[in-house]
2 protein chains.
Amino acid sequence: MDKNFEKFKKILVDKDYRLTEQRKEILKVFLKYKEKHFNAEELSDILKKRDENIGLATIYRNLELFHRLGILKQLDFNDAFKYYELNLIEKHHHHLICINCDRIIEFNDEALGDFEKNLEDEYGFKIKDHIIKFYGVCKKCAGEDE
Amino acid sequence: MDKNFEKFKKILVDKDYRLTEQRKEILKVFLKYKEKHFNAEELSDILKKRDENIGLATIYRNLELFHRLGILKQLDFNDAFKYYELNLIEKHHHHLICINCDRIIEFNDEALGDFEKNLEDEYGFKIKDHIIKFYGVCKKCAGEDE
DNA sequence: ATCGATGCAAACCTTTTGCATGCAG
DNA sequence: CTGCATGCAAAAGGTTTGCATCGAT
């Protein structure tokens with residue numbers, strides 16, 4: 001079994017939240033597509049295809065819960081939806097968003113440590129997490145312009 | 001008169017948008033509170049206090065317009081609202097968001113250049129803009145915990 | 001058996017839109 | 001004058017909530 005799945009189950013149980021079928025199914029989707037982010041509607045569609053009929057309200061309630069528990073990260077890309085993705089400490093990544101084709105490219109951030117350290121010292125602010133989005137033109141779109 | 005105000009007027013006129021009283025008043029609010037961000041409702045309240053009765057729909061339409069024209073930046077802090085702030089090239093700043101008291105601290109980013117350069121090379125992605133949010137505990141809240 | 005979790009539908013709330021009127025160019 | 005911009009109210013659309021029922025512990 002997935003180590004992360006066990007970890008998340010423990011987080012729920014430790015805080016006296018019940019391990020319902022619905023919660024397990026939602027987590028399984030995120031764990032299958034590790035780096036991907038979903039909004040409530042997208043999750044609902046994926047679960048329907050798996051013949052898991054979970055009400056939208058339940059999905060919303062649990063996305064919010066998982067976010068509060070630190071299991072999921074809440075993202076937004078300035079459209080109408082809230083997106084969520086796994087909050088895995090071992091795989092911190094961010095997004096390059098193409099302003100031409102809306103493609104989203106994930107990248108890892110190892111080089112950010114020093115930058116954060118300086119900020120913490122300067123503002124007396126203890127950084128726990130960050131969300132970084134770079135907007136620009138992706139390789140493909142730049143190529144098509146030529 | 002404010003140099004930026006003239007610049008924004010020129011952007012509108014050059015693209016054949018009309019210089020209405022409402023547009024000028026909205027821009028004036030942003031130019032008065034240079035570093036601050038507002039959502040539509042907050043702007044409406046500020047304008048009401050100035051006895052400028054501008055319809056909410058007009059505010060929404062113009063925030064969107066100014067965003068498309070590059071005059072305003074669109075932000076979000078994972079609540080229900082969209083926020084906007086001046087997009088001044090000379091004063092690029094970002095946000096430290098306290099996860100305890102929701103206080104938002106602005107900081108400038110001069111040290112980000114190298115980081116971006118590396119990303120561009122690695123992914124063939126031409127970066128035009130970025131939005132960076134650091135979540136953590138601010139000085140005040142850290143102090144109160146002790 | 002208890003009480004938190006779910007499902008459904010209705011309510012909510014921010015944002016968008018249609019349409020008649022107003023005003024910048 | 002002409003047609004874009006505004007204001008109002010209504011609609012849209014994502015998210016939240018109330019309540020009866022279900023099911024994890």
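The chains referred to below are lettered A, B, ... by the order of the sequence lines, with proteins before strands, and numbering in each begins at 1. A quick note: this is a predicted structure, and the numbers were derived from the prediction, not measured.
- Atom OH in A:Tyr17 sits roughly 22 Å away from atom P in D:dG23 (whole-Å rounding).
- With salt bridges taken as basic N to acidic carboxylate O contacts below 4.0 Å, none links A:Lys133 and B:Asp129.
- Residue B:Thr58 has a polar side-chain atom (N or O) positioned under 4.0 Å from OP1 or OP2 of D:dG7.
- Distances were taken from every side-chain heavy atom of A:Ala40 (C-beta onward) to each of C:dG7, D:dT15, C:dG25; the shortest belongs to D:dT15.
- Checking the phosphate oxygens (OP1, OP2) of C:dT15, no side-chain nitrogen or oxygen of B:Asn39 falls inside 4.0 Å.
- At D:dC22, none of the side-chain N or O atoms of A:Gln22 fall inside 4.0 Å of OP1 or OP2 (strictly under the cut-off).
- The side chain of B:Arg61 has D:dG7 as its nearest neighbour among D:dG7, C:dG7, D:dA5.
- Side-chain proximity of B:Thr20 to the nucleotides C:dA9, C:dA24, C:dT17 is greatest for C:dA24.
- Rounded to a whole Å, the CD atom of B:Gln74 is 16 Å from the P atom of C:dT14.
- Side-chain contact annotation: B:His93 with B:Glu85, donor-acceptor N/O pair under 3.5 Å present.
- The distance between the ring centers of A:Phe77 and A:Tyr83 falls below 6.0 angstrom.
- Between B:Tyr60 and the phosphate of C:dT15, there is a side-chain N or O to OP1/OP2 separation shorter than 4.0 Å.
- Checking the phosphate oxygens (OP1, OP2) of C:dT6, a side-chain nitrogen or oxygen of A:Asn62 falls inside 4.0 Å.
- For the residue pair A:Leu86 and A:Phe30, the shortest heavy atom distance occurs at CD1-O, 3.6 Å.
- Distances were taken from every side-chain heavy atom of B:Ala57 (C-beta onward) to each of D:dA9, D:dT15, C:dC3; the shortest belongs to D:dA9.
- Regarding contacts with the backbone of C:dA5, a side-chain N or O of A:Arg23 is found under 4.0 angstrom from either OP1 or OP2.
- Within 4.0 Å (heavy atoms only), A:Asn53 reaches sugar-phosphate atoms of the nucleic acid but no base atom.
- Rounding to whole angstrom units, CG of residue B:Leu56 and P of C:dT17 are separated by 15 Å.
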